[in-house]
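See below for the structure under consideration.
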Amino acid sequence: MISVKHLSKTYRNPDGSSLTVLKDINCEIQPGEVISIIGPSGTGKSTFLRALNLLDPPTSGEILYNGENILAKGYPVHKLRQKMGMVFQNFNLFEHMTVLENIMYAPVKILGVSLAEAREEAVSLLRKVGLAEKAEVYPSSLSGGQKQRVAIARCLAMNPEVILFDEPTSALDPTMVGEVLSVMRQLARDGMTMLIVTHEMKFARDVSSRVFFMNGGYIHEDGTPQQIFENPKRSATKEFTQRIRRAVFEVGDDFDFPGMFTTMTRFCIKNNISQYCERVEKISGLMLTDIMAAYRPMTVRLNYKEIADEASLDFMVEELQDSPLNGESRKKLRSLCREIIEEPTTRGFRVKLLL
Amino acid sequence: MKKPVSLFVAILFLIGLASCSSGEDKVAQLHDEEDIVGLTVATAAGSCYDLELSKRSDIDLLLFNKEADLLNSLLTGQSDVIVHDETVFNSEIRRDYGIKIAFKGEQEFPTAIMFRKDREGEQLALAMNTVQNDLLENGTMQTLQDFWLTDAYLDNRTYRHVPVETEGKVLQVVCITNMAPISFMIGDEWYGMEIDLIRALSTYLHRPLEIKLYDASGMIALRNGMADILIGGLFVTPERQEEFIFADPYHDFHPAYYVLDKEAQAGTSTDFWERLKTSLHKNLIEEARWKYITSGLLETLKITLFAILLGSVLGVGLCAMTRSRRNWVRKIAGFYNWFMAGIPILVLLLILFYVVFSRSGLHPATVAIIAFALDFAAGAGDIYNTSLNAVPHGQTEAGLALGFTRIQTFFHIVFPQALRNGLPLYQSLCISLLKGTSIVGYIAIQDLTRAGDLIRSRTFDPFIPLLVITVLYFLLAWLIAVLLKWAMPKNQHVL
């Protein structure tokens, strides 16, 4: 369906310097595939996506769409884009139109669909994304999640063959990510061909049929979600997909407890694990003021392994050989966590609590 | 809107009334130039009186451009004495406003008709002298002086008419003051001492006359060949003789020293409504002066609307240039904006009229439309550009990504949003253009402001003409707002 060969993109700055964002991209995309594009920031994921529908025309290389070279001179780019929808990070809804008009506008003006037909189609699309009751309001009164669902409906109204999603949930409040992802999940089930630039690793693992790991302007590794997330062939992929996010606190005698709790809460929200928030606070409070109150200095770590959806709390004391826990304290902790691991380390002793 | 306007009118009136009744005793006994020591003296700016009086250090000198303002300064007590031609404030005016001539100065100011300093001007001046000598010999000059330069013309309103030539090369006459009894207008018709003199010249040369009313800038028109003759009570001075040629003086004027007349003041009516009624009658009904206002209104409206139309179109081009990919095109647009931002619109107007289009025969109103359109274009282009920039780039991207072409994206998606951003700015630009047109009087266009000035220069009323035109400017501004609202797409559904 889409065939990309030796694609590169170089930005030239006014001061004469230049920046090569895409170096040599090659891939084949078949109809019905759902491809997640993941990777560290600044590795050209969005640029790659925007090169496919020529919003950011590539510097060199070849893109074939259904066998046609879309980079050929005189190729009707707007016709291509009618078949290749795009959903943006910032929604980009037309602010001067109602929700319904946003969805109807392109079919009516471009495809010449009758108003009645377009309206019917728009209403059914709105129902599909769960926003039928918002048909007559203006985008400014919608939440971010609602805006993005309308943007997806607007895109679907053109009956595209493939949809490009450019970080569709990155501008959203964490509480609104779910509603957008569930709409996308439904689309994938319906067999839509999708290319998704995303930072939502769980979503990428669960929904994609294929994952591109991009790094340094190349597709560093291309494989099934199982391969990319569980058995990556290349070390950079492994480092990225199995990375653990951490918040670390050094607890001394004069420690800022409220500050630590704030940071922990923020960490949970940022990583979309707000459900752990309360327990994290309870356990830390119990450990620091009661069970391990005597142990100072101590290092506390809040860990989150995204791909395994695994959160844990570490309490580490240097030059300690024996576990600071006893039967009573283990009993207290067991009601709050899944598993207690007590183990000596090279420098001391660690209590790891899996949440 | 009604309430604030009537309040404004009332306040202006009260200020006028309150200030009319002051006056001091120090002017009671004035007999000659020595007596004005220590007084505040007002005179016409740039006149010969100005030159003479500014040599004196023992008086406070106030300068005004318009005779009406001069008179008003005396009435409000801003000045104690005003110095001007003995004929300016005739007996009727003196009676109406309660002023009198304290004394006349000894100095004589020979006054004559002025021509360009070239061959053609010399010939015209010679012809003028021949005509004046003939008039002197057959006694007509004396008759004219007796009629115009005393107040005889006030009692006998049958103004003199000389048969008008219609064939031959037109003599272009520029008059720089609308002031009885030298040269003044009633309706479209010209009257006065100097008018009769140039009519005699016209008969002698068998060439028809075309008389236009200019401001003081009329001297430029004479110099650059747009006019053949300059009139309007011009004193013969050495400076002017260096640049121009004068015919023989037809009269020597003495400066008159006008002061408030206590007794006459006491006699004037103090009833507010009575005074308002008289004032309105004098300024609007007498000599059908309201016609100046209506034709001025139309002139202002015409210039404003056409300048907005032309300027808006030019603005589109300018905006396109500003957004061009080519650097040099952007630079040209930038230079244009910089130039228009820096040049006062009055200077632009005068340059276009007296330099660029001086020989083109373009109607002054057309020149004014071009000048204001050029100025408006800079502002409009800026507003278009800012409004377009205010539409987020994501809107363009979304339009393109849906499959609109670039042009469709602009007209369907970006432009409607830019329109909403820019409309308030555009409207205030239109209204400042409207108000800006009040300077077109400088190039002999009788717009609304000029209409007020024309009436003021005849009635010397300080307030009524100003009030009337103020109210009319408000109405015009309101009209523009209504027109724009009507012309612009409503805030409605796009489908």
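Throughout, a chain's letter reflects where its sequence line sits, starting with A, and its residues are numbered from 1.
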Does the side chain of B:E397 reach to within under 4.5 Å of the side chain of A:M86, using non-hydrogen atoms?
no
Residue [X] excluded, over 12 heavy atoms near [atom1] under 6.0 Å:
{"X": "B:F411", "atom1": "CZ", "result": "no"}
{"X": "B:F306", "atom1": "CZ", "result": "no"}
{"X": "B:Y473", "atom1": "OH", "result": "yes"}
{"X": "A:Q186", "atom1": "CD", "result": "yes"}
{"X": "A:Y75", "atom1": "OH", "result": "yes"}
{"X": "B:R330", "atom1": "CZ", "result": "yes"}

Should B:I413 and A:M97 be marked as a side-chain contact (heavy atoms from CB on, under 4.5 Å) after you check the CA-CA gap, both sets of side-chain angles, and the distance that decides it?
CA-CA 10 Å; B:I413 311 293; A:M97 300 181 193; 4.2 Å; yes
Relative to chain B, which segment of [X] carries a heavy atom at a distance below 4.5 Å: side chain, backbone, both, or neither?
{"X": "A:L80", "result": "neither"}
{"X": "A:R119", "result": "neither"}
{"X": "A:N90", "result": "neither"}
{"X": "A:F91", "result": "neither"}
{"X": "A:M104", "result": "both"}
{"X": "A:F94", "result": "both"}

What do the steps show when you test B:Q408 against A:K109 for side-chain contact (heavy atoms from CB on, under 4.5 Å), and what is the final call?
CA-CA 9 Å; B:Q408 283 174 326; A:K109 296 288 175 186; over 6 Å; no
Any idea which heavy atoms bring A:H96 and B:H412 closest together, and the distance?
NE2-O, 3.8 Å
Students often mix this up, so state it plainly: with edges at 30° and 60°, are the rings of A:Y105 and B:F404 parallel, tilted or perpendicular?
tilted
Residue from A:L55, A:N53, A:L54 scoring the most non-hydrogen pairs under 4.5 Å with chain B is A:L55
From the list A:R154, A:K83, A:M84, A:K79, the residue making the most non-hydrogen contacts under 4.5 Å with chain B is A:R154
Could you tell me whether the side chain of A:Q82 and the main chain of B:L402 form a donor-acceptor pair under 3.5 Å?
no
Measure distances from B:H393 to the heavy atoms of chain A and classify the residue's part below 4.5 Å as side chain, backbone, both or neither.
neither
